[in-house]
Amino acid sequence: MSNVTQEASQPSEEAARQAAALTATAVEALPEGRLAQQIDAGAPLRIKLGIDPTAPDIHLGHTVVLNKLREFQEDGHKVVLIIGDYTARVGDPSGRSDQRPMLDPEAIDANAETFMEQAFKILDRDRTEVRYNSEWLKMQSDQLFALMARSTVARLLERDDFQKRMAASQPISMLELMYPLLQGYDSVEIDADVEVGGTDQKFNLLFGRDMQAAFGKPQQSIMTLPILPGIDGVKKMSKSTGNYIGVTDPPEEMFGKVMRVPDANLEEYWQLLLSEDPPMEEGPNEAKRELARRLVARFHGEEAPAAAEEHFNRLFVRHEAPEDVEDLEFGEDPAHMPALVATAFNVSRSEARRSIAQGGVKLDGETLPPEPLDYTANELDGRVLQLGKRRFRRLVNGS
RNA sequence: GGGGGAGUGCCCGAGUGGUUAAAGGGGACUGGCUGUAAACCAGUUGGCUCUGCCUACACAGGUUCGAAUCCUGUCUCCCCCA
């Protein structure tokens, strides 16, 4: 590839220092040493982040990258946030072993709105430029052909995801093949100097360089960051696998979810989210609590963690019902317990029956015996019905 | 255009005429242990008016005493050749 933008000059000490600080937590920053040179050139850099508004909520996984962008901003650089409203319709094949469905434009717009609102909890609005890639990707087919002419199938098929799918006889749609081209073209349009993303984005990020070169533009450097695993500690955090902690999760929920993260991932979480080592002197439980406190404070304010932790202790350490249990009106007298459990917790009656038989249903903390199944209204009124460890309803006689 | 293959429960995946609500695994749920961690043990995982009944193996028909399993048509997907 072209090296027209490469100059062999030695960066100043200050530029080298700044670059080193920025790349400290990165997995890779390519080409080697390039960032220091870019910083040394003096002008504020344009840092690109493309986001796919496929799901509206930002979770902690996103914040790893957003925090990095924030660091760039603090050094005086400019973030260009690209809402991939157009590419979202294509679907990023990264890390996918199957195709994903196309989204309709309304959903994408709504998602983008929410996403940005949340992103500015971390990013500095004044140093952020927001662009929608439909702005330039809604192009004529002759323009599209020009774009396509600058890449090759062989180059695209190099990527791991595609190799795997080919080997497994899985489909690869033409549209997916186009994805890197489109994302790469974003870099051309906005004159990106640096593009940041998760390690799973490496191919796409590098492809942006190819596209810029093909269009005679200076090439961006790229930085990949570690991927934060989800609550299961194994898979990448994402909404679709349900293993995510959303930045808008209520404090109690956020606290609880953090506590469920496996010990084995503690260090990773501390490093990626707080850029510190976990304080292990008082054991992993305390280190995890501290992590939960700090995260809740970050997204809900300094006052929030105390109440969230108390809620946690109440429910899971002391095994008591929460203060504010939702009411459930019941009318029958006597009431049939399986029916009651089914409506209270939105499960099937069969499931309710099984749970009772397995000792998973409690009334005011007392496990219900398998018999009897009918209770008088007096026996139930005002008491707390519980399914499993964390589902509660206060029974209220509505008749 | 031609040839071949596949569609099973939340997911993967066995099953090629009857003891199959359907092996096995994953996930999930419940109980035990506990630090709502991990590991481990046990149970559950279609619905219901539950010792029984109903609905289910892409969809619609058909053959049969009896079908997820055989036949026909439809839909969807994959591979190969051109």
Side-chain angles (χ1 to χ4, degrees), chain A residues 96-101 162-176 229-236 238 240-245 249-270 278-293 295-296 308-322 332 334-363 365-374 385-392:
Chain A
R96 281 255 155 182
S97 53
D98 51 7
Q99 295 182 50
R100 62 170 83 191
F162 290 153
Q163 293 285 351
K164 281 185 188 142
R165 282 208 241 166
M166 300 271 275
S169 290
Q170 294 276 309
I172 298 168
S173 76
M174 292 294 293
L175 209 50
E176 291 177 282
I231 303 175
D232 57 5
V234 182
K235 281 183 247 153
K236 171 183 173 180
S238 91
S240 52
T241 44
N243 62 354
Y244 72 103
I245 303 175
D249 281 350
E252 305 80 41
E253 199 178 330
M254 187 179 278
F255 198 99
K257 280 183 175 178
V258 173
M259 290 305 288
R260 269 194 282 164
V261 170
D263 284 6
N265 300 92
L266 244 186
E267 190 174 341
E268 217 171 354
Y269 265 64
W270 268 86
M280 297 300 279
E281 312 77 48
E282 293 175 63
N285 186 263
E286 179 50 31
K288 209 182 288 179
R289 279 173 182 268
E290 181 58 20
L291 174 68
R293 284 183 210 120
L295 291 172
V296 170
E309 186 163 9
E310 169 51 25
H311 181 266
F312 171 81
N313 287 337
R314 183 183 179 102
L315 249 69
F316 300 110
V317 179
R318 301 200 301 270
H319 300 289
E320 296 166 4
E332 299 77 36
H336 192 54
M337 194 45 81
L340 203 55
V341 171
T343 40
F345 305 109
N346 196 25
V347 295
S348 75
R349 245 179 229 218
S350 301
E351 195 177 335
R353 244 183 274 273
R354 278 185 228 116
S355 297
I356 295 169
Q358 290 184 109
V361 176
K362 291 177 188 158
L363 200 60
E366 295 288 313
T367 302
L368 289 185
E371 299 281 335
L373 287 178
D374 291 324
L385 185 66
Q386 178 181 357
L387 175 61
K389 285 197 181 91
R390 58 177 82 122
R391 283 175 281 184
F392 301 88

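All chains are named by letter (A, B, ...) in the order of the sequence lines, taking the proteins before the strands, and each is independently numbered beginning at 1.
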How far, in whole Å, is [M] from [N] if one measures between their [atom1] atoms?
N	M	atom1	result
B:U72	B:G27	P	41 Å
B:U63	B:G26	P	43 Å
B:U8	B:G35	P	44 Å
B:C40	B:U19	P	35 Å
B:A58	B:C75	C1'	8 Å
B:U30	B:C79	P	41 Å
B:C41	B:C80	P	44 Å
B:A21	B:G47	C1'	11 Å

Value in whole Å for how far the [atom2] atom of [N] lies from [atom1] of [X]:
X	N	atom1	atom2	value
A:N313	B:U34	CG	P	18 Å
A:L368	B:U30	CG	C1'	14 Å
A:D232	B:G26	CG	C1'	13 Å
A:E286	B:A37	CD	P	17 Å
A:E267	B:A38	CD	P	19 Å
A:N243	B:G27	CG	P	13 Å
A:R318	B:G35	CZ	P	15 Å
A:F316	B:A37	CZ	C1'	13 Å

Heavy-atom closest contact ([X] atom, [Y] atom, distance):
X	Y	result
A:E282	A:E286	O-CB, 3.6 Å
A:P284	A:L266	O-CD1, 3.6 Å
A:D263	A:K288	OD1-NZ, 2.8 Å
A:M254	A:I245	CG-CG2, 3.9 Å
A:A287	A:M280	CB-SD, 3.8 Å

- Query: Between A:L387 and A:K257, who's closer to the 5' end of RNA chain B by nearest nucleotide?
  - Reply: A:L387
- Message: Go nucleotide by nucleotide along RNA chain B from the 5' end; which of A:G360 and A:V317 gets its closest nucleotide reached first?
- Response: A:G360
Donor-acceptor under 3.5 Å ([X] side chain, [Y] main chain):
X	Y	answer
A:R314	A:H319	no
A:N243	A:K236	yes
A:K235	A:G230	no
A:Q386	A:G388	yes

If you look at every strand shown and take non-hydrogen atoms under 4.0 Å, does [X] touch a base, only sugar-phosphate, or nothing?
X	result
A:G388	sugar-phosphate
A:R391	sugar-phosphate
A:V361	nothing

- Message: Tell me if the CD atom of A:E267 is crowded by more than 12 foreign heavy atoms within 6.0 Å.
- Response: no
- Message: In this structure, which stretches of RNA chain B are paired as stems of three or more consecutive Watson-Crick or G-U pairs, both distances less than 3.5 Å?
- Response: B:1-7 with B:75-81, B:10-12 with B:24-26, B:27-32 with B:40-45, B:46-48 with B:52-54, B:58-62 with B:70-74
Hey, can you pull the donor-acceptor pairs under 3.5 Å for the side chains in residues 337-362 of chain A, sequence neighbours left out?
residue, atom, partner, partner atom, Å
A:T343, OG1, A:A339, O, 3.0
A:T343, OG1, A:L340, O, 3.1
A:S348, OG, A:E351, N, 3.1
A:S355, OG, A:E351, O, 3.0

- Message: Output one letter per nucleotide in nucleotides 44-54 of chain B: B when a protein non-hydrogen atom lies under 4.0 Å from the base, S when only the sugar-phosphate is that close, - when neither is.
- Response: SS-SBSB----
